[in-house]
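Written below as structure tokens is the structure these notes are about.
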Amino acid sequence: MKFEIYAKEPNSKARAGELTTDHGKIQTPIFMPVGTVGSVKGVNQRDLIEDVKAQIILGNTYHLYLRPGMETMQMAGGLHQFINWDRPILTDSGGYQVFSLADNRKLKEDGAHFSSHIDGSKHIFTPENIVDIQRKIGADIIMAFDECTPYPCDYDYAKKSMQLTHRWLERGLKRFDETEPLYGHKQTFFPIVQGSVFKDLRIESAKTIASHDRDGYAIGGLSVGEPVEDMYDMIEVVNEILPEDKPRYLMGVGTPVNILEGIARGIDMFDCVMPTRNGRNGMLFTKNGIINIKNVKWKNDFSAIEEDGASFVDTKFSKAYLRHLIMSKEILGAQIASLHNLSFYLWLVGEARQRILDGSFYNWKNVMVQKLAVRL
RNA sequence: GGGGAGAUACCAAAGUGGCCAACUGGGGCAGACUGUAAAUCUGCUGGCGCACGCCUUCGUAGGUUCGAAUCCUGCUCUCCCCA
């Protein structure tokens, strides 16, 4: 996988680049919509391409492994074929589920022993079989199996957790390098930095991860409840160490402000459920701030969702109508809100990219950060 | 015309002498949501101070009682069955 940096913005660490995969190019910085079970919830593939302008989407190893299962996945010819998406896909390894489904699993040296949240059946994920599963899914970018360290957590736990992630990385890399893709297109493997909110651990982890020459690197274990300043600090610390000429993926982040601050600190790739999940729950992100469309003040506001918004839904429908749909729990409401939010996120990173290319990113970012956090 | 049942907060519906400003559900209002067990979850929902408290409420007018949404009487209204 090739990564080319076209411009670096002089007043920050921001970079604009291009990532080339066998399923096409990705303009960075980029936001990747989350499609956990092979579906970006509420948004079909055509709208994802034509309206949202998504360049790459996520799938999730844990979820796809449990359902529909790898037999179906292989019979389909991999996830791209299965969901009819011919652009790049990244799969998360299930490391996050080790965190979010903590009640259903036990971590051991060999891997994570867990019960399915669907039917309670018992399974084991190891760094090796997670690679095998991701081979079967066939994502362009596959992730190392890690422990997404919970927050808060004490130093000793964070250190042990990080070390486990490192040992698992060695095993995952070995399996990856010993195996081949199944569907004729190349796959690449991203290691993940951990270390919670402890600078020395983050430094150690970044160095360990960077010692492996891979196509890109991820920063995990953030946006799990820690103060946002801690998150920014950790990004700065880690990005001092990760190779400059490789893409950096900040996993699970975040709010529009988080994304701009991440870009300013040298992050190239983001993913987050926020635009879709919060959208379904009535939160809209716009250039001028956040709208809780459920608030009664929008009840009779027949103005466009966003006058100069990036999605066709923005001027097609009014706030009052969208509020009505969301209040009525209509599926269409969730769809419109998701389209709006995703389009906005993709607009945001696209605009950031342009600003980096023309050198105006830093000032623009500072203005935007103020506006984006406003509650409308 | 005869017989029966019932009227509780925005709606539905518990409560049948003190633990009732009143269960619960819906609706409404507000908040949360960051590598998706989420079209989910939480709080509030008579008034005022909003902690303690105080005031006004269970169709309506009276009555019994230390005390009533709960018991008694009149009135008004609604529903069901038989003619």
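Each chain gets a letter, A, B and so on, in the order the sequences are listed, and its residues count up from 1. For the numbers below, each heavy atom of this structure counts, side chains included, while hydrogens, waters and symmetry mates do not.
If you check B:A12 for Watson-Crick or wobble pairing at under 3.5 angstrom, you find it paired to B:U24. Pairing for B:U40 goes to B:A32, judged as Watson-Crick or G-U wobble with the two contacts each under 3.5 Å. B:A5: Watson-Crick or G-U partner is B:U78, with both key distances under 3.5 Å.
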Margin query: One character per nucleotide, please: for nucleotides 25-35 of chain B, 5' to 3', B when the base has a protein heavy atom closer than 4.0 Å, S when only the sugar-phosphate does, - otherwise.
Written below: ----SSSBBBB

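Only the C1' atoms considered, B:A68 is 14 Å distant from B:U8, to the nearest whole Å. Using atom P as the reference point in both B:C80 and B:C66, the two lie 43 Å apart (nearest Å). Atom C1' of B:G26 sits at a distance of 34 Å from the matching atom of B:C75, rounded to the whole Å. Taking the C1' atom of each, B:G28 and B:C79 are spaced 29 Å apart, rounded to whole Å. Rounded to whole Å, the separation between the P atoms of B:G74 and B:A5 comes to 15 Å. Look at the P atom in both B:G15 and B:C20: the space between them is 15 Å, to the nearest Å. Of the P atoms belonging to B:C44 and B:A61, the separation is 33 Å, rounded to the nearest Å. On the C1' atoms, B:U60 is 23 Å away from B:G47, given to the nearest whole Å.
Scanning for side-chain hydrogen bond (donor to acceptor under 3.5 Å, both in side chains) contacts around A:E204 gives an empty result, with sequence neighbours left out. Every residue two or more places apart in sequence or in another chain that forms a side-chain contact (heavy atoms from CB on, under 4.5 Å) with A:K297 is listed here: A:N295. Partners of A:T188 by side-chain contact (heavy atoms from CB on, under 4.5 Å), not counting sequence neighbours, listed by chain and number: A:M1, A:I141, A:F190, A:D215. A search for side-chain hydrogen bond (donor to acceptor under 3.5 Å, both in side chains) contacts involving A:R214 returns A:D177, not counting sequence neighbours. In this view, A:D213 and A:K246 satisfy the side-chain hydrogen bond (donor to acceptor under 3.5 Å, both in side chains) rule, not counting sequence neighbours. Under the ring pair (Phe, Tyr, Trp, His ring centres under 6.0 Å) criterion, A:F198 pairs with A:Y155, sequence neighbours left out.
Neither side chain, A:T286 nor A:N288, offers a donor N or O lying under 3.5 Å from an acceptor on the other.
Of the residues in residues 110-121 of chain A, those placing a heavy atom less than 4.0 Å from an atom of RNA chain B are A:H117, in numerical order.
Contacts classified as ring pair (Phe, Tyr, Trp, His ring centres under 6.0 Å) and involving residues 237-268 of chain A (residues at least two apart or in different chains) are not found.
Between A:E109 and A:R167 there is a salt bridge, since a side-chain N of the basic residue sits under 4.0 Å from a carboxylate O of the acidic one.
With hydrogens and angles ignored, no donor-acceptor pair closer than 3.5 Å exists between the side chain of A:S100 and the base of B:U36.
Atom CG of A:L90 and atom P of B:U36 are 10 Å apart (whole Å).
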